[in-house]
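These notes concern the structure reproduced below.
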Amino acid sequence: MTEIKYFTFNPFSENTYVLHDTESMEAVIIDPGCYSNEEKEELAAFVSSKKLKVIKLLNTHGHIDHVLGNAWVKEKFGVELYIGSEDAATLRSVETYASVYGFPQYRPAEADHFIKEGDTIMLGNSSMEVLFVPGHAPGHIAFYNKEQNFVINGDCLFRGSIGRTDLPGGDFDTLIRSIRSKLFSLPDETVVYCGHGPETTIGHEKKHNPFLK
Ligand SMILES: [Zn+2]
């Protein structure tokens, strides 16, 4: 079984996820937004207190607030970075604007693996399916655990809102199409974990999200 923990890091209040398998104690870290030493220490303390073995670093997309801790996580836990194949450029460009956004200490990290829709991420005996959900970023992906009925959806869908589409590579119609065709085809009870803010469910957003009426 997969257990989910998240931390809210950096001035963008980005949610950093640590998922672990309760039997093998293997873990994956998704979108590490940790930037300050305090944030890095908080994440490391959780991993060591639970005695987790971090096996992979995953990014839903390559925006700065989701990747600030990539280089640190790779080194600290000796893991490789997986990102959607069409978001390689988004990740690479962070270096060019990190200082302007107030993160002069940002250290870029190369992606080691490019993943695409239909790929499976194993975590102990559990698996997550990769969904391609572009719009907020051109290569945005989400991680869907069918058995436990949750999706780690990055910045596509938020509780009562959707991801912004005014950043380079963003496109409003594409985002709406991704949500309607991919996320809204999941069961209503599916718990949606977001890149910012609290979790929600597919059913709640179908009913109440003003962008998707
Ligand atoms: Zn983003």
Side-chain angles (χ1 to χ4, degrees), residues 4 6-19 28-36 39 43 57-73 81-103 105-111 114-117 121 128 130-144 150-180 182-183 192-200 205 209 211-212:
I4 300 168
Y6 68 87
F7 301 86
T8 303
F9 287 150
N10 76 53
F12 291 98
S13 297
E14 182 269 351
N15 294 331
T16 294
Y17 289 85
V18 180
L19 273 53
V28 295
I29 295 175
I30 306 177
D31 293 354
C34 42
Y35 182 68
S36 69
E39 290 169 345
L43 181 56
L57 167 59
L58 310 174
N59 285 168
T60 59
H61 65 296
H63 285 154
I64 188 164
D65 48 333
H66 293 251
V67 306
L68 283 165
N70 270 356
W72 176 79
V73 167
L81 170 59
Y82 295 69
I83 193 168
S85 41
E86 275 141 285
D87 232 34
T90 311
L91 176 63
R92 223 171 290 125
S93 71
V94 172
E95 215 181 336
T96 64
Y97 67 80
S99 283
V100 185
Y101 273 60
F103 302 99
Q105 319 275 354
Y106 171 73
R107 285 189 300 131
E110 278 291 313
F114 295 103
I115 47 181
K116 56 184 193 316
E117 180 151 279
I121 304 290
M128 294 190 293
V130 175
L131 307 176
F132 181 52
V133 283
H136 169 71
H140 198 301
I141 54 175
F143 302 99
Y144 173 51
F150 69 80
V151 60
I152 309 291
N153 107 125
D155 288 357
C156 294
L157 191 56
F158 298 128
R159 189 175 171 90
S161 188
I162 57 170
R164 51 191 286 192
T165 51
D166 57 333
L167 301 167
D171 184 75
F172 182 82
D173 293 337
T174 305
L175 177 60
I176 296 294
R177 208 175 313 126
S178 290
I179 294 171
R180 287 197 190 283
K182 303 283 171 65
L183 298 175
V192 182
Y193 291 94
C194 308
H196 304 270
E199 57 268 40
T200 183
E205 296 314 309
N209 195 307
F211 293 91
L212 297 148

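Numbering of ligands and ligand atoms starts at 1, following listing order. Below, all heavy atoms of this structure are taken into account, side chains as well, without hydrogens, waters or symmetry copies.
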* Are the aromatic ring centres of Phe158 and His196 under 6.0 angstrom apart? -> yes
* Asked: Using the benzene-type ring in the case of Trp, are the ring centres of Phe103 and Tyr35 under 6.0 Å apart?
  ->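 Close enough - the centres of the two rings lie under 6.0 Å apart.
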* Assign the ring pair Tyr6 / Tyr17 to parallel, tilted or perpendicular, where the plane angle (0 to 90°) is split at 30° and 60°. =>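 The arrangement is tilted - the two ring planes meet at 30° to 60°.
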* Asked: Quick one: CG on Asn10 to OH on Tyr101, what's the gap to the nearest 0.5 Å?
  ->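 The OH atom of Tyr101 is 12.5 Å from CG of Asn10, to the nearest 0.5 Å.
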* In this structure, are over 12 heavy atoms from other groups packed under 6.0 Å from Glu117 atom CD? ->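 Correct, the count exceeds 12.
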* Asked: Looking only at side chains, do His61 and Asp87 share a donor and an acceptor under 3.5 Å apart?
  -> no
* To do: Enumerate the protein N/O/S atoms at a distance below 2.8 Å from the Zn ion (ligand 1), ignoring waters.
  => His61 NE2, His63 ND1, His136 NE2, Asp155 OD2
